[in-house]
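Let me begin by presenting the structure, written as structure tokens, before commenting on it.
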Amino acid sequence: MIAANILLVDDDAQFIDVMKKRLTVRNMEVFHAGSGDEAMQKLAIHGEIEVVILDVKMPDRSGMEMLRVIKQQYPLVEVIMLTGHGTMESAIDGMRLGAADYLMKPCSIEVLVEKVREAVDKKRRHEEKIVDAQVREIVSRRL
Amino acid sequence: MDNGGAIILAVDDSPATLEVISRHLTRAGHVVHTCASVEEAASFLDTTHVDLVITDYKMPKSSGLDLIKYVRENLRDTEIMMVTGYPTIAGAVEAIRDGAGEYLAKPFTGEELLGVVSRILDKQTHRRSAHADHQHLNEYGLLGDCPEMLAVYDLIDKASQTSANVFISGESGTGKELVARAVHYGSDRRASAFVPVNCTAIPDTLLESELFGHVKGAFSGAKESRAGFFEIANGGTIFLDEIGDASPNLQAKLLRVMQSKEFCMVGSSRIRTVDTRIIAATHQDLQQLVKQGLFREDLFYRIHVIEIHLPPLAARGQDILAMVNHFLKKFSQDAGRPAPCLTDEALNSLYQYSWPGNVRELENLIQRLVVIGDGPSIDVTDLPEAMRFSLNRNSFGNKTLAEVEAEHIRHVLAQSRDNKTQAAKILGIDRKTLRGKLKRLGLE
């Protein structure tokens with residue numbers, strides 16, 4: 001079973017290449033996008049994506065704008081911000097906008113994988129809660 | 001937004017910091033209490049209502065993070081923010097992930113403190129009034145406050161703030177057009193037209209002319225130029241109802257105009273540009289139609305940006321009562337007579353009924369009862385036969401939650417003819433979660 005379905009968004013093709021290989025060998029399905037627009041297309045096509053790993057600086061859109069749009073259109077998809085230019089302000093903004101985490105490059109693959117797993121768990125727990133609420137509703141209606 | 005007069009608890013082991021926070025916030029009109037430790041703060045919060053907690057990070061014994069967790073677990077309506085003399089990105093990330101609304105580094109100016117406090121209290125005010133905000137949706141005929149409808153209202157509000165295409169799913173009669181209208185009139189497109197188009201009602205021969213209009217003399221009978229739906233909806237919203245029934249020809253034409261935002265009127269070669277938001281709806285499983293090759297995948301992804309799913313009426317619990325009362329009042333006013341009331345037995349029958357026609361069926365029923373009824377009350381004997389003798393759904397006895405869940409999933413799967421995509425949609429979960437449940441409950 002796939003451990004996580006990830007969309008890797010970064011304009012650095014070499015970085016994507018390396019990360020994709022590392023995440024794939026850890027049993028993760030990795031989609032990738034080199035721009036914000038491409039990322040939105042991938043999200044629209046691949047409904048199975050659970051976690052987006054998002055570079056804060058993108059050529060066509062800022063990472064914060066991307067984060068806002070993703071959380072608006074796909075509220076259950078978790079977003080991990082990954083940046084080589086982190087600041088306290090952008091970390092706070094990112095977390096306030098609903099990012100699951102905010103990591104600084106270089107980031108060890110072990111840390112990234114752990115954060116991805118936490119994000120996937122969070123998403124699945126969230127979905128479970130929705131289902132449980134619905135079941136409770138069904139049960140209460142029948143009692 | 002005015003948020004003066006909030007009750008604030010400041011928690012810090014430094015008396016000097018507490019004094020600075022108290023002075024600035026008291027001057028701004030807030031009521032400020034202080035505590036020197038997390039333990040003292042937790043006891044205080046057990047007995048006193050507080051709007052906002054401001055906590056230091058490093059304190060003896062327990063840290064500010066412990067207080068954040070305590071507040072989040074026990075006081076859902078209370079906001080919390082952290083101030084720290086040791087600011088780090090990791091610390092800020094952890095504090096906000098644990099539930100802090102803001103993170104402020106020491107030393108801070110009075111202006112910075114007031115700015116952050118104001119922002120967090122604004123957010124709280126907004127959240128508290130969110131439920132009241134949904135009341136405006138009543139004017140579009142959207143009623144009820146069951147959890148599923150509250151989620152729908154949130155999505156309507158979110159969709160109204162964007163221009164993204166919206167896809168509305170749900171059984172016939174659940175109110176898909178009402179949702180589309182609420183999205184349009186809640187958006188900044190409200191000054192322009194909302195144009196509903198029933199995709200099943202346009203014959204293929206008239207398709208192009210209906211959608212894009214025609215110029216005078218374009219074909220025999222075209223005595224005048226006429227604007228099409230897309231031009232009428234320019235700057236506004238076009239609502240494509242029953243998109244699942246759109247013919248291949250219509251699908252192709254829609255895709256082209258969605259991609260380019262351009263079209264030509266029939267009989268003219270001049271390219272016209274439109275800015276039209278598209279809201280589409282269907283009672284069918286569009287994803288299944290895509291798989292069967294009956295609906296274009298590229299069009300599906302174009303319209304499927306924000307999905308709003310409307311629950312069937314039978315799954316909306318007490319909302320039935322709210323709607324019965326609403327329709328009784330509405331149709332009695334129309335008829336110029338006092339609203340009759342429903343007996344408990346009649347209401348019980350309505351709760352038990354399966355409502356295959358959803359809200360529309362309920363609305364028609366109440367209208368009929370008001371028009372033909374002449375007494376002050378409506379009893380079970382006044383209801384149609386199918387409702388009087390509807391099956392009692394209270395058949396779960398002393399079953400465990402897991403058993404009820406398994407039974408319901410089995411029932412939905414049977415209804416969907418083992419179509420997992422459709423079953424997952426009815427259950428409101430994704431396919432993967434459904435697969436996990438089937439495995440866990442031994443239903444595979």
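Here is how names work: the chains are called A, B, and so on, in the same order as the sequence lines, proteins then strands, and each is numbered from 1. Only a predicted model underlies this, so the values are computations on that prediction, with no experimental measurement involved.
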Separation of B/Thr433 OG1 from A/Lys123 NZ (nearest 0.5 Å): 6.5 Å
Verdict with supporting geometry, A/Asn5 and B/Lys432, side-chain contact (heavy atoms from CB on, under 4.5 Å): CA-CA 12 Å; A/Asn5 291 289; B/Lys432 198 178 292 169; 2.8 Å; yes
Is the number of heavy atoms from other residues, nucleotides or ligands within 6.0 Å of [atom1] ([X]) greater than 12?
X: A/Lys57; atom1: NZ; result: no
X: A/Glu65; atom1: CD; result: yes
X: B/Glu111; atom1: CD; result: no

B/Thr162, part contacting chain A, at a heavy-atom distance under 4.5 Å: side chain
Which atom of B/Gly101 lies closest to which atom of A/Arg96, heavy atoms considered: O-CD, 3.2 Å
For the student: nearest non-hydrogen atoms of A/Gly86 and B/Ile89, plus distance: C-CD1, 3.8 Å
Residues of residues 42-50 of chain A within contact distance of chain B, non-hydrogen under 4.5 Å: A/Ala44, A/Ile45, A/Glu48, A/Glu50
Members of residues 97-104 of chain A whose heavy atoms come closer than 4.5 Å to chain B: A/Ala100, A/Asp101, A/Tyr102, A/Met104
Worked check of side-chain contact (heavy atoms from CB on, under 4.5 Å) between B/Tyr301 and A/Gln41: CA-CA 9 Å; B/Tyr301 288 117; A/Gln41 282 168 14; over 6 Å; no
Proximal component of A/Asp93, with respect to chain B [non-hydrogen, under 4.5 Å]: neither
Atom group of A/Thr87 that falls short of 4.5 Å from chain B, counting heavy atoms: backbone
4.5 Å side-chain heavy-atom contact, A/Met95 and B/Tyr103: no
A/Arg117: partners by side-chain hydrogen bond (donor to acceptor under 3.5 Å, both in side chains), with sequence neighbours left out: none
For A/Asp12, all residues meeting side-chain hydrogen bond (donor to acceptor under 3.5 Å, both in side chains), sequence neighbours excluded: none
Pick from B/Ile306, B/Thr88, B/Leu155 with the largest number of heavy-atom pairs that fall under 4.5 Å of chain A: B/Thr88
Leading residue by heavy atom contact count with chain A [cutoff under 4.5 Å; candidates B/Val305, B/Asp430, B/Ile96]: B/Ile96
